[in-house]
Structure formats: C-alpha cells, structure tokens
Asks: 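Here it is, the structure in full.
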2 protein chains.
Amino acid sequence: MAAKQQARQTQKSAVRAENERAILAAAEEVFAESGFRGATTGMIAERAGLPKANLHYYFPTKEALYRKVVEHIFNIWLDAANSFDENDDPVEALTAYISKKMDISRAHPMGSKVWANEILHKAPVIQDYLETTLRSWTSSRVAVIDRWVAEGRIAPVNGEYLLYLIWATTQHYADFNHQIDTLNGDAPLSDAQFEEAKQTVVRIVLAGIGAVPATAGGEGREA
Amino acid sequence: MAAKQQARQTQKSAVRAENERAILAAAEEVFAESGFRGATTGMIAERAGLPKANLHYYFPTKEALYRKVVEHIFNIWLDAANSFDENDDPVEALTAYISKKMDISRAHPMGSKVWANEILHKAPVIQDYLETTLRSWTSSRVAVIDRWVAEGRIAPVNGEYLLYLIWATTQHYADFNHQIDTLNGDAPLSDAQFEEAKQTVVRIVLAGIGAVPATAGGEGREA
DNA sequence: GCTCGATTTGACCATTTGGTCAGGTTTTCT
DNA sequence: AGAAAACCTGACCAAATGGTCAAATCGAGC
C-alpha cells in the first residue's frame, strides 16, 4: 500500500488520469471539428460523458484545455521528426520521414486539424513553439539537405521549400480528408488506397530531387 | 441622367456596390483569421467601416455573408483550374497550373484560408460544390493525366494523388504562411524567395513524374 | 419643396456560453 | 471509524453576440 500512496503523490490518481484522458480526447475532436471559438466546453464535456462543471474542475479554462491539446499534437509531430534522422541516406531518411508523417495523418487526423487551425489563425497559442523548437529543428534539417546536395546525393534543391512540400502534402491527407473522401465517392481511403497515396508521395519526392534509391537497399519498394 | 437611372435599375446603385464590396473584403479577412464561429458581425462591420446594423441591412445573416465569400473563393479556384487545360503538353500544363495556383496563394491568401477552414470543418456550406463541380473537374483532369501516362509522356502515377500533392503544396503557401513567415525570420517571403519556392515546386513535380521538359523550352532551369 | 424608396444607425433583445459556487458524495489515509 | 482530501454537479451569472426595429436621413424625380 505504500506503493499506492507513492503513486498518488507522484502520478495522478486513476480517476483523474482517466477523466483528463477522456476530456482531452473529446477536446481534440471538438476543437478539430469546430475550431477554438466554435468549440464549446459544453460540447466537449458532453462528448467526454461528464457535466460541464466537472470539466472545469480539471481544466480551469477553455484556453488551458486547448493548450494541452495543442501540446499533445506538437509532441506527436516531434516524434515523427526524429525519423528524419534515423538514417543519413537521403532515400532512407526521406522515405521514413514521409511514411511516418503519412501514418500520423491517418492515425491522428484530428490532431493535425487542430494544428492547422492554430497556424491558420496565426498561432495565438503556440507561437513560442514555432520560434524555438520548430525553427531550430527546421534549420538543422535544412543543413542536412544542403549537405546531401553538396555531396551530390540529391539534385540542388532549397531545403525549406522541400520540407514545406512534404509537410503540406502529408498533412493534406489529414486536414483535407473530407475533400479527399468526397472525391473518393464519399468513402474514406481504404488501406490499400492510402498505401498507394503514401508511395506516390514518396516516389514523387525522391524522383523529384533525383535521390536514386540504392539498388541494394532494404526498403526496395519501387514498383 | 437617363443612363444614371438605367444604371440604378439594372446594376446595383453605386453606394450599394461599394458597401457590399467593402463588407465582402472585410468579411474575407475576418473569416480567414477567425473562422466562421470566431468571426463576429461586429468585427466585420468595424473593419468595413460601418455599423453592424448597416451590415445586416445588406447581408441579412452572417451565414449569407459567409456563403458569398466562399463562392467568391471558389470562382477564383475555377479560374486557376482552366490554366490546366491551356496546353496538352504535361510540362506546359503542369507548369502553368502550379504557377497559377502559387500566384493565387500569394495574391489571395485570405481566400485560401477561408476555403481551408471550410474543408477542415467538413464543408458545411459548400458540400454541394465539392460533389458537383470539384468532383467532375477532378475526374476529367485525372483522365488527362492517365492519358499522359498511357502515352508514355510521364511516368506511371495516380492522378488523384498527384493533384492532391499539387493542391496541398501550393495552398500551403497561403494557409500556412504564418508558419512560413516565422521560419523565415518573421518576414514574409520576398518576391525572389517566392519565385524560388514556385520553381522548386514545379521542378520537383515535373522531375517527380518524369516529365522531361522539351529541351527547346523557355523554362530551361535545370541546374 | 414634396414624395417615396433606399439607406443609416443607436438602442434593444433573446440566446449562448465560459466560468463560478455551494453543497454533496466518494475515496484515501491513519 | 473518522477526518481530510479529492471529486462531482445542478443552479446560477455576467458578458458576448446575432439579429431586429423604429426612427432618422438622404437622394432622385415631379
């Protein structure tokens, strides 16, 4: 029982953890569907299955809740960012990075939408992240791309604009999934379709910058 | 003066035309910055320089005003769509289309943001456009791409996913311009930078699908 | 200068919504 | 068991907001 007490003091109680999880999950959906202003704490509470006053017991203000949601998204993004560095070979690195970002768009479309909404509205909540973490991550990766160019491993390309193309395209499958579904006959992309989309993005990017896959590579998925 | 009277009856009076124009311009900005729910008719009226009650004299409801704004965006989009068909050569057609879409992102970032917001929130207002105009335009252009593939003018590629990549990337320069500006040292892209971004997108896409520019072409910018 | 429709606007209202609070219940610890 | 802490919630409130309206003003034609 000493362990139990220890648990209560170091980590959150089980009920608190569960309620916060439910609220954050509901909030991510509602914020994604309706934006910050469009979302109401009442809607979030209802979807989380508890009264509004209870929600405000755990998260004092709507903005505090929103900030937590956005931070969650950002951490997922950072996770994907690491896959860029797992290999120094441009083909391997970009394939892994694009694949990971596509997977995130499929697994967490709501999170991506919240992020998009935030940027669209000039990032009132996460401007500091943009100016610190995102900026430093980006410039260091651009340096990697520049090195690839200098070493002749890819064709000359501006690193920033290459990254923007990758971000835009991969996140499009989350942010604009409603449009994609509509053009797909009102049906979400099947696993096979999504896999083809992913391969299409990877192939266009790699070929687009003249990154020739090593013929002996383990990721030999060229059609 | 008969002409003046005629004018009042056939077209809107000058004051009406001017007020509607000012309101629509203000509405596009405010809806882009704050979303539908986040925007208030008071904010729009203030930016247009007239009292809220006057705004409601011209546009009875916030939703009617919003619909007008979205329709305006959609017409700009249709305009760009035509540039896809001006030439049957894949290099020419795609270069023109991408360039046009990039130019629109630079000239009408607010409009693009309103569109993005609308899709993000499942297109409550323009779902019918998606299912009619956008769907038919897309499928006919996919047919063109398929033909290019069949004729061996470009490498095999899924037309839908190629279009999504183009849409995503070009619109990213409008929808995410705040993020881009932040990564650019809190400054908007200069004309030269934007031109380089445009060329980067064009080059990656063309190379990505193996569309070899005619060596005699005027766009010969291969490094 | 009078009329009539178009335009303008301050004041107002009903509804929504973020957030509070007092009092109650449950859980945890000794 | 009993106290303390954590948790729960119906009722409530102040502010914001979309939209209304009646009265005032303007402008063109007679």
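Below, chain A is the first sequence line, B the second, and so on; all start at residue 1.
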Asks: Distance check needed: D:dA16 C1' versus A:F36 CZ, whole Å only.
Replies: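 Atom-to-atom, A:F36 to D:dA16, this comes out as 14 Å.
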Asks: Nearest whole angstrom, please: distance from the C1' of D:dA6 to the CD of A:E20.
Replies: 13 Å
Asks: Check every strand shown and say whether A:A39 touches a base, only sugar-phosphate, or nothing at a heavy-atom separation below 4.0 Å.
Replies: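 Since only primed, P, OP1 and OP2 atoms lie under 4.0 Å of A:A39, the category is sugar-phosphate.
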Asks: Is there side-chain contact between A:N177 and A:L189, with heavy atoms separated by less than 4.5 Å?
Replies: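 Answer no - side chains too far apart.
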Asks: Which label fits A:W167 and A:Y164: parallel for a plane angle under 30°, tilted from 30 to 60°, or perpendicular past 60°?
Replies: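 The rings of A:W167 and A:Y164 sit tilted, inter-plane angle from 30° to 60°.
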Asks: Take the protein atom NZ of A:K62 and the nucleotide atom P of C:dG18, then report the distance between them rounded to whole Å.
Replies: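 Atom-to-atom, A:K62 to C:dG18, this comes out as 4 Å.
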Asks: Assess B:K62 against B:F36: is NZ or CZ under 6.0 Å from the centre of the six-membered ring, and within 45 degrees of the ring's axis?
Replies: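 Ring-cation test returns yes.
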Asks: From CD of B:E46 over to C1' of D:dT17, roughly how many Å is that when rounded to an integer?
Replies: 14 Å
Asks: What's the closest nucleotide to the B:R16 side chain, out of D:dT17, C:dT7, D:dT9?
Replies: C:dT7
Asks: In this structure, how many angstroms lie between the C1' atom of D:dT9 and the CG atom of A:L50, rounded?
Replies: 11 Å
Asks: Considering only side-chain heavy atoms of B:R37, which listed nucleotide, C:dT17, C:dT9, C:dT20, is closest?
Replies: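 The listed nucleotide nearest to B:R37's side chain is C:dT17.
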Asks: Out of D:dC8, C:dG18, D:dT20, which has the shortest distance to the side chain of A:V15?
Replies: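 Within the option list, the nearest is D:dC8.
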Asks: Which of these nucleotides, C:dT17, C:dG18, D:dT9, is closest to any side-chain atom of A:Y57?
Replies: D:dT9
Asks: A:H56 has a side chain; which of D:dC21, C:dT20, D:dG19 sits nearest to it?
Replies: C:dT20
Asks: Between A:Y58 and D:dA6, is there a contact of a side-chain N or O with OP1 or OP2 at under 4.0 Å?
Replies: no
Asks: Send over the distance from B:N19 CG to D:dC26 C1', rounded to a whole Å.
Replies: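 B:N19 atom CG is separated from D:dC26 atom C1' by 13 Å.
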Asks: What nucleotide among D:dA6, C:dG19, C:dT17 has an atom nearest to a side-chain atom of A:K52?
Replies: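 My answer, after comparing the listed nucleotides, is C:dG19.
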Asks: By nearest nucleotide on DNA chain C, pick out whichever of B:L55 and A:E63 is the more 5' one.
Replies: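 It is B:L55, whose closest nucleotide lies nearer the 5' terminus.
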Asks: Below 30° counts as parallel, above 60° as perpendicular, anything between as tilted: where do the rings of A:Y173 and A:F194 land?
Replies: perpendicular
Asks: Quick check on C:dT17: is either OP1 or OP2 less than 4.0 Å from any side-chain nitrogen or oxygen of A:T40?
Replies: no
Asks: Consider the side chain of A:T41, meaning its heavy atoms from C-beta on, and name the nucleotide among D:dG10, C:dT8, C:dG18 that approaches it most closely.
Replies: C:dG18
Asks: Using atom CE of B:M43 as one end and atom C1' of D:dA16 as the other, report the distance to the nearest whole Å.
Replies: 13 Å
Asks: C:dT7 P sits how many Å from B:I23 CD1, rounded?
Replies: 11 Å
Asks: What distance do B:N75 atom CG and B:Y129 atom OH have between them, rounded to the nearest 0.5 Å?
Replies: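 One finds 7.0 Å between CG of B:N75 and OH of B:Y129.
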